[in-house]
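Right, one structure below, let's go through it.
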Amino acid sequence: MVGLMDRQTEISGHLKGSFGGAHFGPISGPFIAKAEAGNILFLSGSIHQPIRSPMIKLTSGKDSQFSLSNVTIGNQFHWERKEVQTFQGDLLFHLRPQGTICVINQIPLEDYLSSVVSSEMSGDGPFEFLKAHAILSRSWLLTSLDRKQKTEEMVIPKENIVEGEMIRWYDREDHDLFDVCADDHCQRYQGILKTAVEKAQRAVQETNGNVIAFRDEICDARYSKCCGGLTENFSTAWGNKQIPYLTSLPDASISHPPIKTEEEASNWILSTPEAYCRVGDENLLKQILPDFDQQTKNFFRWKVEYSRRELEALIRKKSGIDFGTLQEITPLTRGPSGRISRLKIVGSKRSMIIGKELEIRRWLSPSHLYSSAFVIKKDGDRFIFHGAGWGHGVGLCQIGAAVMATQGFSAEEILKHYFQGVEVKKVY
Ligand SMILES: [Zn+2]
Ligand SMILES: [Zn+2]
């Protein structure tokens, strides 16, 4: 059950082939679904009467597809945009109590994976990389489904708010009506019309049922776009626990010591150390990144600049807190990749400590900063952020993994590099 769109009042799309339901005949062609007085009103030229119900399920006929207009991808990230997307499987509409509609796609797990692999990265990437990603995404999904079952009776704290300090993180238990969403929050699932899906399908088929496991348990396989040369510990981004296979390591054939001090962070971030994810070759990036990610350049080392006033306005808008005149932004705690997990913001009216990495990225950018691995230089009235990497940096580095594949590493070797001590194993 994949959530495709949520909290919408009107949805339009197109049914290609025929779809059926419990109380109505075959439907095809363009449709509109609207929230209306305790029901969903479903209109299609192929049926005489509109359907009115708080829950509508359209069951896909053989080889049928549906497309949806205005699907948001990259929600609140710098690559946010709207697209028409096409999917296979059943289509469900759920009315929420607030009078909005949630759109869900029910699809077999292995079909879902083919789409994820070609949505996360270019489906035309190196084959061993696509295989590694299929195993990775399968492991991620299975642990996610398992955890969803377990957490239904259990409340997991995701916040630690004390006087003057707000440390927050976001995990995957947030979905109620469906198992996973279709966006970067979970795994990107952008339907079936992405280029070169066949190659991704073959990678999924060839690794059918394979996962990575640590001590006989399927791994919580995290990944992000570019670690910046060192991967990060689980606890820098999420809850305070140590997970042996989600522990920082150099993403390189040479060793890089973990970052411990501000001076080391500065030296690391302001240099361009050797790493698998340090890609100078534009053509290689074109081959491994999906089109809309190719607009993001210089993510291995990056720079963002604000005037003091711009930054004050930004923080006020994103946090809802007025700090007054911004005086200092000071990193207090960093993980071994240089990513900041606790940051102190000092203003004339108040000061506050915030975390963890995603919250920091959210506060300091109109969308999100690429990562929380940054150092701040003040130049008169300007705040200059020099940073490293793209994403939380925990687990597999997608760019690094793709580069490893072009250098001849196998899917298994790639996975064992990023997740130390794991085995690849077939679970079905
Ligand atoms: Zn999600
Ligand atoms: Zn990397």
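Note that this is a predicted model, so its numbers are computed, not measured. Read the numbers this way: they start at 1 and go in the same order the structure lists the ligands and their atoms.
Trp238 and His392 have perpendicular rings, their planes meeting at more than 60° on a 0 to 90° scale where under 30° would count as parallel.
Look at Asp184 and Lys225 and you find no salt bridge, because none of the NZ, NE, NH1 or NH2 atoms lies under 4.0 Å from a carboxylate O. Checked for salt-bridge contact, Glu359 and Arg362 meet the test: a charged N lies under 4.0 Å from a carboxylate O.
His175 contributes NE2 and Cys186 contributes SG; the angle these two atoms make at the Zn ion (ligand 1) is 110°, rounded to 10°. At the Zn ion (ligand 2), the vertex angle linking SG of Cys397 with SG of Cys227 is 120° (nearest 10 degrees).
Lys317 NZ: 12 or fewer foreign heavy atoms inside a 6.0 Å radius.
The Zn ion (ligand 2) sits nearest to atom OD2 when only the N, O or S atoms of Asp251 are considered. No other N/O/S atom of His185 lies as close to the Zn ion (ligand 1) as ND1 does.
Figure legend: cation-pi geometry between Arg202 and Phe127, with NZ or CZ positioned under 6.0 Å from the six-membered ring centre and within 45° of its axis.
Inclusion of Cys226 in the first shell of the Zn ion (ligand 2) is not supported: no N, O or S atom falls under 2.8 Å.
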